[in-house]
Amino acid sequence: MNNANSRGATPVPPAGSSALTPPADATAPVRHPDAPAPGELLGAHYGHCFGCGGEQPHGLHLEARAQEGVRVTAEFTVKAAHQGAPGLAHGGVLASALDETLGSLNWLLPVIAVTGKLETDFVRPVPVDTVLHLDAEVTAVAGRKIYSTAIGRIGGPDGPVAVRASALFIEVKVDHFIENGRPAEIEAAMADPDQVRRARAFEVNP
């Protein structure tokens, strides 16, 4: 497999479905003028989110930062609760970390979007206590479709590739969450007196 090793290089997508290939009329992504500044920590969009929420005791607690262009970087530390095989991260957990990082890109457009398709390559094992360094960027936009790629390295931002992914996100309205979420959580989020928290809970769904 072709593993790009230079920091900041475009993540190499896994070979896969044509659904992840932008159409000929797709356009380059445009960073929104009000997007978080490069280097800014994006923070959790929802406290109970398995990927980024601080109120999930066994969640990923992934932290993403905005970068130049339509790109984010993130870090995730594999804990004992994230095991699949003894001492190694579960593949589904690694896919969740990629999905969370890719979803964080929506803050830079900014749009409300959900994962439509995610394809992942698992290149090497990721041991417990390893920090996974993730790098993701939007590659193209076509109507409501947002195409993006991500790569995860171990041992540092320039370390060997462990995982990589390609994704298709679909822009939606906030009604998507209100109509499909469990009523108790929807009502609790909408009743939050903190206006910023209330809005962020529905802004992205990695």
Side-chain angles (χ1 to χ4, degrees), residues 1-45 51-52 60 62-76 94-123 126 131-172 203-206:
M1 294 185 179
N2 179 22
N3 294 349
N5 286 315
S6 59
R7 186 174 185 182
T10 300
V12 179
S17 160
S18 60
L20 293 174
T21 302
D25 61 350
T27 59
V30 177
R31 183 190 183 94
H32 194 277
D34 295 328
E40 184 176 335
L41 186 66
L42 299 180
H45 76 95
C52 64
L60 306 185
L62 183 143
E63 293 188 338
R65 290 184 183 275
Q67 301 299 333
E68 298 286 348
V70 189
R71 175 173 162 259
V72 300
T73 56
E75 292 186 357
F76 154 56
L94 296 177
S96 295
L98 286 161
D99 188 40
E100 181 70 30
T101 305
L102 288 158
S104 297
L105 290 163
N106 297 325
W107 292 113
L108 306 183
L109 294 175
V111 297
I112 304 172
V114 295
T115 311
K117 189 173 184 65
L118 176 71
E119 289 190 0
T120 305
D121 278 347
F122 300 96
V123 180
V126 180
V131 178
L132 188 65
H133 299 264
L134 297 133
D135 194 325
E137 67 176 349
V138 176
T139 58
V141 176
R144 294 173 52 224
K145 296 182 177 180
I146 302 165
Y147 298 85
S148 53
T149 58
I151 195 163
R153 302 172 185 272
I154 56 177
D158 301 314
V161 174
V163 290
R164 55 180 173 236
S166 287
L168 169 64
F169 278 73
I170 308 296
E171 186 176 354
V172 297
E203 283 184 339
V204 292
N205 180 34

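The figures that follow rest on heavy atoms only: side chains count, while hydrogens, waters and symmetry mates do not.
Put simply, the side chain of V126 reaches to within 4.5 Å of the side chain of L94, judged on heavy atoms. Residues L134 and I151 form no side-chain contact, since every pair of their non-hydrogen atoms from C-beta on lies 4.5 Å or further apart. By the 4.5 Å heavy-atom criterion applied to side chains, D99 and F169 are counted as neighbours. By the 4.5 Å heavy-atom criterion applied to side chains, E119 and L20 are counted as neighbours. Side-chain contact between E171 and I112 is absent, with no heavy atoms from C-beta onward closer than 4.5 Å. The side-chain heavy atoms of H133 and I154, taken from C-beta on, include no pair separated by under 4.5 Å. Here the side chains of V123 and R164 are in contact, with some heavy-atom distance below 4.5 Å. A 4.5 Å side-chain heavy-atom check between D121 and V163 finds every atom pair outside the cut-off.
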Determine, stepwise, if the pair V111 / I146 fulfils side-chain contact (heavy atoms from CB on, under 4.5 Å).
CA-CA 10 Å; V111 297; I146 302 165; 3.5 Å; yes
As a quick check of understanding, evaluate side-chain contact (heavy atoms from CB on, under 4.5 Å) for E100 and C52, giving each step before the final call.
CA-CA 7 Å; E100 181 70 30; C52 64; 3.3 Å; yes
What's the verdict on side-chain contact (heavy atoms from CB on, under 4.5 Å) for K145 and L168, showing C-alpha distance, side-chain angles and the deciding distance?
CA-CA 7 Å; K145 296 182 177 180; L168 169 64; 3.6 Å; yes
As a quick check of understanding, evaluate side-chain contact (heavy atoms from CB on, under 4.5 Å) for L132 and E75, giving each step before the final call.
CA-CA 6 Å; L132 188 65; E75 292 186 357; over 6 Å; no
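With L108 as reference, V72 is the one residue of V72, V138, D34 to meet the side-chain contact (heavy atoms from CB on, under 4.5 Å) rule.
Between the side chain of R144 and the main chain of I170, no donor-acceptor pair closer than 3.5 Å is present. In this structure, S148 contributes its side chain and L102 its backbone to no donor-acceptor pair below 3.5 Å.
Using a 4.0 Å cut-off between charged nitrogen and carboxylate oxygen, R153 and D158 do not count as a salt-bridge pair.
For the side-chain contact (heavy atoms from CB on, under 4.5 Å) test, residues two or more places apart in sequence or in another chain that qualify with R65 are L41, Q67, T73. With sequence neighbours excluded, the residues that form a side-chain contact (heavy atoms from CB on, under 4.5 Å) with P23 are D25, A26, A142, Y147. Under the side-chain contact (heavy atoms from CB on, under 4.5 Å) criterion, E40 pairs with P36, A37, not counting sequence neighbours. The side-chain contact (heavy atoms from CB on, under 4.5 Å) check on V30 picks up nothing, with sequence neighbours excluded.
When all heavy atoms of R31 and V70 are compared, the pair lying nearest together is N-CG2, 3.6 Å. Here the shortest heavy-atom pairing between A136 and L105 reads O-CD2, 3.5 Å.
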